[in-house]
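Each remark here refers to the structure printed beneath this line.
All residue numbers refer to positions in the sequence shown, counting from 1.
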Amino acid sequence: MNSTKYSNTRATLAIARASFRSILRSPSAVVFSLAFPLIFIVVFANIGGGGMSVDVGVAKGCDTLNPIYKVLAQNKIIKLIKDETPDEMQKNLAKGTIDAIIDLKPMVPMKPMQVNVQYSHASGDKGGVLKSVLNNIFYRIQSEQFKRIQQISGIPIPNAVDLKETVVTGREYKYIDFILPGQLGFSLLSSGVFGTAFVFLSLRITLVIKRFFATPVKRSSIVLGEAIARVVFALLGALFIIVIGHFVFGFTLIHGVVTVLNMLVLCTIGLIIFMGFGFTISGLAKNESSIPPISNIVTMPQFLLSGTFFSVSAFPVWLQHISRVLPLTHLNDAMRKVAFEGAGLGDVTHQLFILLLWGIGVYAVAVKTFKWE
């Protein structure tokens, strides 16, 4: 008789190895975790940001009754930002989070309008877009305001606007810096939800879990083994995407290896939370054909509204409120701050707190809905 004590740790690792090999042999896992994100990165990195939006900070004391301000407020390309302090605006301008800062001085009769604009190298070509919009506004004001004066007196038209422009030096914010973290989130959400739901439903339907129960292996070992395999696979995929993005497309990694490690920690946290959705769906699903529609209810809103492909700021205000509730939004925000702004994990505690709340809620539901038999 073998008196060797049974080890659940070895059982967990054995399940993890078997599950990892199974994931590598699954075409869908490779497609969703690596192929799709890389395809999107290649496409978006080469065509740019799609719909144009120029974020313009409004300086404190800016004359909002000025006709220039009114025209800018009606322009669909220009988004005026007024809810930031002067210090926040300057920092965001240098980082490229906003594209310019405009300050319109109160109008003085018979004198040119005083317009001060700050641009940043970090905003790329969006500064040029704002310049073009302003020049068009200035031309219209010049023509309308002094047309009658010239017709009556014949004197030359003086300048209607006294424009002062300055440029703030900052890092160039490339579209790859926006799209790559979003595609990492896309990959993690797909893997966590679809992969986990299909695996555990299959184990239950094929009675593999029941066979496990005939052994001394604990239920926690089954779950932990599958989780370890999926986390290892996802992190290898994330590392591959980050390396390709950095060396091929110039994805910004402010602190190099440290930034990569911070991003991998965030990837791990995000995947663990998304696996909670997968556990829940595997408990709710009656068969494999019911998993895709249920999973899409969870994933599609996050793919579209969480800043995966387009900035959340491009949405209507009411839709932004919905976006800010979704966990993928906060994971994407945290990864972008870590990668481009050089933030540490301690600087994204707000995003991590929201993710923690989601994790607690999702796993509380998963415990009630998950079925072992």
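- Side chains of Thr85 and Asp87: no donor on one and acceptor on the other come within 3.5 Å.
- Applying the side chain to side chain contact (heavy atoms under 4.5 Å, CB included) test to Asp83 and every residue at least two apart in sequence or in another chain returns Ile81.
- When all heavy atoms of Leu305 and Ile322 are compared, the pair lying nearest together is CD1-CG2, 4.3 Å.
- At a threshold of 4.5 Å between side-chain heavy atoms, the hydrophobic network of Ile, Leu, Val, Met, Phe, Trp and Tyr places Val325 and Leu331 in one connected group.
- Across all non-hydrogen atoms, the minimal contact from Met335 to Pro181 is CE-O, 3.4 Å.
- Side chains of Ile98 and Val56 form no contact here, defined as non-hydrogen atoms less than 4.5 Å apart.
- Residues Ala197 and Ser282 come closest through the heavy atom pair O-CB, 3.5 Å.
- Between the CZ atom of Phe198 and the CD atom of Glu288 there is a distance of 6.0 Å, given to the nearest 0.5 Å.
- By the criterion of side-chain heavy atoms lying less than 4.5 angstrom apart, applied directly or through intervening Ile, Leu, Val, Met, Phe, Trp or Tyr residues, Leu266 is grouped together with Val260 in one hydrophobic cluster.
- With sequence neighbours excluded, the residues forming a side chain to side chain contact (heavy atoms under 4.5 Å, CB included) with Val258 are His255, Asn262, listed by chain and number.
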| task | Report the C-alpha distance between Val243 and Phe247 in whole Å, list the side-chain angles of each, state the deciding distance to 0.1 Å, and finish with yes or no for side-chain contact (heavy atoms from CB on, under 4.5 Å). | result | CA-CA 6 Å; Val243 170; Phe247 289 104; 3.7 Å; yes
Taking only distance into account, with no hydrogens and no angle test, what donor-acceptor pairs under 3.5 Å do side-chain atoms of residues 293-304 form with protein atoms, sequence neighbours excluded?
residue : atom : partner : partner atom : Å
Ser295  : OG   : Ile291  : O            : 2.9
Asn296  : ND2  : Pro292  : O            : 3.1
Thr299  : OG1  : Ser295  : O            : 3.0
Gln302  : OE1  : Leu328  : N            : 3.2
Gln302  : NE2  : Val298  : O            : 3.1

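- For Ser191 (side chain) and Leu188 (main-chain N/O), no donor-acceptor pair under 3.5 Å exists by modelled atom type.
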| Are Arg230 and Thr196 close enough, and set up right, to give a side-chain contact (heavy atoms from CB on, under 4.5 Å), and what steps lead you there? | CA-CA 8 Å; Arg230 201 154 297 280; Thr196 304; 3.6 Å; yes
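- Rounding to the nearest 0.5 Å places OG of Ser290 at 6.5 Å from CG of Leu201.
- Leu356 shares a hydrophobic cluster with Ile360; the chain of contacts runs through ILVMFWY side chains whose heavy atoms sit under 4.5 Å apart.
- The closest side-chain heavy-atom distance from Ile269 to Ile272 is not below 4.5 Å.
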Compile the donor-acceptor pairs under 3.5 Å between side chains in residues 342-353 and protein atoms, sequence neighbours left out, one pair per line.
residue : atom : partner : partner atom : Å
Asp347  : OD2  : Gly344  : N            : 2.9

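- The distance from atom CZ of Phe279 to atom CG of Leu284, rounded to the nearest 0.5 Å, is 13.5 Å.
- In this view, Val58 and Cys62, Tyr69, Leu80, Lys82 satisfy the side chain to side chain contact (heavy atoms under 4.5 Å, CB included) rule, not counting sequence neighbours.
- Of all heavy-atom pairs spanning Arg336 and Asp177, the tightest one is CG-O, 4.1 Å.
- Taking a 4.5 Å side-chain heavy-atom cut-off between Ile, Leu, Val, Met, Phe, Trp and Tyr, the cluster of Val317 contains only that residue.
- Cluster annotation: Met113 is connected to Val71 through the hydrophobic network of ILVMFWY side chains, with a link wherever side-chain heavy atoms come within less than 4.5 Å.
- For Phe251 against His246, the heavy-atom pair with the smallest separation is O-ND1, 2.7 Å.
- A distance of 5.0 Å separates CD1 in Ile242 from CG in Leu264, rounded to the nearest 0.5 Å.
- You'll find the side chain of Gln183 stays beyond 4.5 Å of the side chain of Ile241, heavy atoms only.
- To the nearest 0.5 Å, atoms CD1 (Ile228) and CG (Leu224) are separated by 4.0 Å.
- Of all non-hydrogen atoms in Pro327 and Trp358, the two that sit nearest each other are CD-CE2, 3.4 Å.
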| said: Apply side-chain contact (heavy atoms from CB on, under 4.5 Å) to residues Leu104 and Thr64 and explain how you reach the verdict. | reply: CA-CA 8 Å; Leu104 303 171; Thr64 56; over 6 Å; no
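- Val257 forms part of a hydrophobic cluster together with Leu261, judged by ILVMFWY side-chain heavy-atom separations under 4.5 Å.
- Side chains of Ile102 and Leu134 form a contact here, defined as non-hydrogen atoms less than 4.5 Å apart.
- In this view, Lys105 and Asp103 satisfy the salt bridge (Lys or Arg N to Asp or Glu O under 4.0 Å) rule, not counting sequence neighbours.
- Residues forming a salt bridge (Lys or Arg N to Asp or Glu O under 4.0 Å) with Arg17 (at least two apart in sequence, or on another chain): none.
- Residues Met275 and Tyr363 have side chains in contact (heavy-atom distance under 4.5 Å, counting atoms from C-beta outward).
- Put simply, CG on Asn92 and CD1 on Ile101 are 8.5 Å apart, with the number rounded to the nearest 0.5 Å.
- Residues Leu184 and Val248 are members of one and the same hydrophobic cluster, defined by side-chain heavy-atom contacts under 4.5 angstrom among Ile, Leu, Val, Met, Phe, Trp and Tyr.
- Judged as a side chain to side chain donor-acceptor pair (under 3.5 Å), the pairs with a partner in residues 323-334 (not counting sequence neighbours) are, in order, Ser306-Thr329, Arg324-Asp333.
- Judged by the 6.0 Å and 45° rule, Lys131 forms a cation-pi pair with Tyr119.
- Not counting sequence neighbours, the partners of Lys60 by the side chain to side chain contact (heavy atoms under 4.5 Å, CB included) test are Pro86.
- At a threshold of 4.5 Å between side-chain heavy atoms, the hydrophobic network of Ile, Leu, Val, Met, Phe, Trp and Tyr places Phe186 and Leu235 in one connected group.
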